[in-house]
Amino acid sequence: MANPRVDAPRLVTYGVGRFGTAIARLALERGWSVVAAYNRAGPKVGQDLGALLGLDDDLGVVVEDTDRADFSGIDADLGVVTVSDTLTTNLPAYRRLLGAGLDVICLGGEATYPQSVDEALAAEIDDLARAHGVTFTGASVWDAYRIWPVLTLAGACTDLRSLVHTSLTLVDHFGPDAARGVGVGMDGAAFAREGDGNGRSLYCVFMHLVLGALGLDVVEVWERREPVVHDEPVRSAALDRVVEAGESIGTRFIIDVATAEGVTARAELDARLGRPGEVEHMSWTVDGDPPASLRLERRDSLHATAACVINRVRDVMAAPPGLVTVDRLGPMKFSHRGGLP
Ligand SMILES: NC(=O)c1ccc[n+]([C@@H]2O[C@H](COP(=O)([O-])OP(=O)(O)OC[C@H]3O[C@@H](n4cnc5c(N)ncnc54)[C@H](OP(=O)(O)O)[C@@H]3O)[C@@H](O)[C@H]2O)c1
């Protein structure tokens, strides 16, 4: 029997930037509706969402200021939060949307596994979602490309000793802030001063989730960062300049994870400019019985990111109340545009 809620979910978007608009566009293409849109104060507030999506016609959805909007009476199924990677910045959005009885998907990196970042905040999100009978999930591009591939490989093992993960993320198409954030164009002294970052990178979050999802007890996560240099000049479109040989073209994040069970994991993850001919790729090597490895290439990470959110909407709507991480949703499933899984 047709279920309008499942056939055509009604979304709200909280954060009307690059991914908020991309996800809204994909929802509309599937015949779903976007019934409200929120953003912090600024020029987007008061505009029709259709204009911000580049549509010919208005949608009749005017972007509201997050601090002035009334969230109490939203008639929608699920809110998509695309505001920030950090839980603390996103918390007002979670409180407003979960409190209004909406399921929530957050694209922010820390939301992927809040328990690994701040146990008290994770408990607050879980309690709030349960109290309103709704689900909170951090859905990210890591879901399809970093988390599920290794869960499947390790899932075929009868014994497991270690995991090794390597990847290349091309940062240039994420804009100048992303490029600067990983030290593109810095010399050695500047990288030592600024490129080392503060605390752990977001990559620790999904590494922690992978080991937890395998039923292992993570006892320690270490991270260090080093600059990646190239012996030829590389042009950065984001910075609109040539990065000279010897300057940093980005950062290598090196993460080690120890578990109480003795299984170890290492990640060596490059976020940088591409050398000629390079494509984004990821690999996992599982030292277990049986040993196995895989390498995958990703050709369009912007579309992949938005698609990983939209393809989780029905899973999150069907999930039990509370904070539910993507490993509990099963692998992502393709569904034909507008069709049911
Ligand atoms: N985990 C993943 O797979 C993944 C992948 C890509 C991106 N991300 C993360 O997703 C988030 C969104 O990325 P994006 O590229 O879409 O960013 P973006 O283009 O900067 O969009 C963010 C939007 O949120 C608004 N905003 C910022 N802070 C806000 C606040 N406190 N309250 C309400 N609205 C606020 C911004 O308003 P203004 O117009 O005023 O700036 C902007 O419209 C970022 O944190 C990014 O790091 C995660």
Side-chain angles (χ1 to χ4, degrees), residues 12-27 34 36-47 49 51-54 61-69 71 79-97 104-114 116-117 136-148 167 169-182 197 200-210 238 253 269 271 280 282 298 300-312 325-327 332:
V12 311
T13 176
Y14 193 114
V16 192
R18 181 191 346 233
F19 288 111
T21 52
I23 293 161
R25 231 177 276 119
L26 287 177
V34 180
Y38 306 97
N39 203 78
R40 67 181 168 195
K44 292 171 187 166
V45 169
Q47 290 199 53
L49 182 62
L52 295 170
L53 300 189
V61 175
V62 174
V63 178
E64 297 177 65
D65 180 337
T66 46
D67 289 333
R68 292 170 178 264
F71 290 85
V80 178
V81 179
T82 56
V83 160
S84 162
D85 275 318
T86 64
L87 292 175
T88 45
T89 305
N90 289 327
L91 194 57
Y94 304 161
R95 287 182 176 146
R96 288 163 174 160
L97 298 177
V104 169
I105 290 182
C106 180
L107 178 64
E110 290 185 353
T112 306
Y113 198 37
S116 71
V117 178
F136 174 93
T137 298
S140 68
V141 74
W142 300 333
D143 186 352
Y145 296 91
R146 297 191 192 269
I147 296 170
W148 276 98
S167 71
T169 299
L170 298 175
V171 292
D172 223 27
H173 49 220
F174 284 103
D177 289 347
R180 285 191 203 96
V182 294
R200 292 176 181 179
S201 71
L202 287 171
Y203 293 130
C204 293
V205 175
F206 78 78
M207 288 298 287
H208 201 136
L209 174 62
V210 162
F253 298 84
L269 311 174
E280 288 199 333
M282 275 136 237
R298 195 168 66 198
D300 184 345
S301 52
L302 297 183
H303 187 81
T305 302
C308 284
V309 169
I310 211 79
N311 282 4
R312 277 303 190 194
T325 47
V326 287
D327 55 299
M332 218 174 275

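Remember, predicted model here, so these are calculated numbers, not experimental data. Order of appearance sets the numbers: ligands from 1, and atoms from 1 within every ligand.
- Salt bridge annotation for R312-D143: present, with a cationic side-chain nitrogen under 4.0 angstrom from a carboxylate oxygen.
- For atom 29 (C) of ligand 1, the closest heavy atom belonging to the protein is V83 CG1, 3.2 Å.
- Of the possible donor and acceptor atoms, none in the side chain of T169 sits under 3.5 Å from a partner among the backbone N and O of V171.
- Side-chain atoms of L53 and L49, non-hydrogen and from C-beta on, do get closer than 4.5 Å to each other.
- Between F206 and Y113, a ring centre-to-centre spacing not shorter than 6.0 Å is recorded.
- Counting only heavy atoms from C-beta outward, the side chains of V104 and V81 approach each other to under 4.5 Å.
- Within ligand 1, counting atoms from 1 as listed, the ones closer than 4.0 Å to a heavy atom of S84 are 45 (O).
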Original post:
How far apart are the C-alpha atoms of R96 and D67, what are their side-chain angles, what is the distance that settles it, and do they pass the salt bridge (charged side-chain N to carboxylate O under 4.0 Å, His left out) test?
Top reply: CA-CA 10 Å; R96 288 163 174 160; D67 289 333; 3.1 Å; yes
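- A heavy-atom distance below 4.5 Å is not found between the side chains of V12 and V80.
- Residues Q47 and V62 are not in side-chain contact: their nearest non-hydrogen atoms beyond the backbone lie 4.5 Å or more apart.
- Nearest protein neighbour of atom 17 (O) of ligand 1, counting heavy atoms only, is R18 N, 4.5 Å.
- Protein heavy atom in closest approach to atom 16 (O) of ligand 1: F19 N, 2.8 Å.
- Between V141 and ligand 1, an N or O atom pair is found at a separation short of 3.5 Å.
- No donor-acceptor pair closer than 3.5 Å links the side chain of D85 to the backbone N or O of G108.
- Within the 4.0 Å cut-off (strictly below), no protein heavy atom is located near atom 20 (O) of ligand 1.
- Ligand-side atoms of ligand 1 in range of T66: 33 (C), range being under 4.0 angstrom from any heavy atom.
- Close approach to G15 involves these atoms of ligand 1, each under 4.0 Å from a residue heavy atom: 24 (O).
- A heavy-atom distance below 4.5 Å is not found between the side chains of Y38 and V63.
- Comparing T112, T86, D85 by heavy-atom distance to atom 46 (C) of ligand 1, the nearest is D85.
- Of the options L107, T82, T169, the smallest heavy-atom separation from atom 48 (C) of ligand 1 is shown by L107.
- Taking distance alone, with nitrogen or oxygen atoms compared against 3.5 Å, F174 stays at or beyond that limit from ligand 1.
- Considering both main-chain and side-chain atoms, W142 never comes within under 3.5 Å of ligand 1 through any nitrogen or oxygen pair.
- Set against the non-hydrogen atoms of S140, the atoms of ligand 1 under 4.0 Å away are 1 (N), 2 (C), 3 (O).
- Scanning all protein heavy atoms for the shortest distance to atom 33 (C) of ligand 1 gives R40 N, 3.3 Å.
- When hydrogens are left out, the protein atom nearest atom 5 (C) of ligand 1 is T305 CG2, 3.5 Å; that is the closest non-hydrogen contact.
- Of all the listed residues (E110, K44, R146), K44 holds the heavy atom that lies closest to atom 42 (C) of ligand 1.
- Residue-ligand proximity: G42 is placed with every non-hydrogen atom at 4.0 Å or more from ligand 1.
- For atom 25 (C) of ligand 1, the nearest protein heavy atom (residue, atom name, distance) is N39 OD1, 3.3 Å.
- The local environment of NE2 in H303 is sparse, with at most 12 non-hydrogen atoms from other residues, nucleotides or ligands closer than 6.0 Å.
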